[in-house]
Structures are given as structure tokens and as C-alpha cells.
Amino acid sequence: MTVKVELKRGVSDVAGLKETLEKRLHADLSVKVDVLLVKEGDLAEEANLGREGKPRRLIDRRDQVRKR
């Protein structure tokens, strides 16, 4: 499973943040999670921000992965 996380401007320890998030998610969920850090604003379209309606917070792409 991959979780995308937006970085705020000014974050300096990117490698440490990625490692910390992966460890915390593993501890909380008991599954291995890969964290993909992206620039601030890169997830706006995926989260449906700036459009009417409720923002989507979870995008299920399991069907796309199974077809490969």
C-alpha cells in the first residue's frame, strides 16, 4: 500500500519524515505502508479540492493494480 503525503514548504528532513511516517503507520495499522512524499498542492485534484461537493480523502485503486 502506498500513502501519498503532501509536504509543507520549508520541511527540511524529508528522509526522516518519510521513515517516521512509515514506522508510525506500520505500528498503528500492522501493515507495511510505503509513503510517497509530494510537493504541496500536488494532491489537490485527487482530493477533489476547489470543486463543489465533498472532498475525496481515499482513492481505492486496487482494481487498477490487479489488472497489471
Side-chain angles (χ1 to χ4, degrees):
M1 176 187 315
T2 301
V3 174
K4 293 181 183 178
V5 177
E6 282 188 0
L7 290 173
K8 285 187 175 182
R9 291 181 201 147
V11 173
S12 58
D13 187 14
V14 175
L17 175 61
K18 179 179 174 9
E19 183 180 339
T20 300
L21 289 171
E22 287 175 344
K23 285 180 180 179
R24 178 66 189 264
L25 289 167
H26 179 66
D28 290 351
L29 303 174
S30 299
V31 294
K32 184 179 182 313
V33 176
D34 293 319
V35 172
L36 177 61
L37 301 174
V38 298
K39 316 186 279 191
E40 188 173 16
D42 279 0
L43 299 178
E45 185 175 334
E46 291 184 54
N48 203 25
L49 296 177
R51 299 181 185 169
E52 288 189 33
K54 185 175 179 181
R56 294 178 310 217
R57 299 294 184 212
L58 175 67
I59 302 169
D60 186 354
R61 299 197 179 186
R62 288 178 288 186
D63 288 338
Q64 293 174 0
V65 173
R66 288 183 194 140
K67 292 178 184 177
R68 290 184 192 174

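Atoms considered below: every heavy atom in the structure, side chains included; atoms not considered: hydrogens, waters and symmetry mates.
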Do V5 and V33 belong to the same hydrophobic cluster, where Ile, Leu, Val, Met, Phe, Trp and Tyr are linked whenever their side-chain heavy atoms lie under 4.5 Å apart, directly or via other members? yes
Hphob cluster co-occupancy, L29 + L36, side-chain heavy atoms under 4.5 angstrom: no
If the condition is side chain to side chain donor-acceptor pair (under 3.5 Å), which residues does D28 pass it with, not counting sequence neighbours? R24
Excluding sequence neighbours, so at least two apart, what forms side chain to side chain donor-acceptor pair (under 3.5 Å) with K32? D34
E40 CD to L7 CG distance, which is reported to the nearest 0.5 Å: 9.0 Å
Interatomic distance, NZ@K4 vs CG@D42, rounded to 0.5 Å, equals 8.5 Å
Between M1 and L25, is there shared hydrophobic-cluster membership here, with clusters defined by ILVMFWY side-chain heavy atoms closer than 4.5 Å? yes
Donor-acceptor pairs under 3.5 Å, side chain of residues 15-23 to any protein atom, not counting sequence neighbours: which ones?
residue, atom, partner, partner atom, Å
K18, NZ, E22, OE2, 2.6
K18, NZ, V35, O, 2.9
E19, OE2, K23, NZ, 3.0
T20, OG1, G16, O, 2.8
E22, OE2, V35, N, 3.0

Shared hydrophobic cluster, V3 / V14 (ILVMFWY, side-chain heavy atoms < 4.5 Å): yes
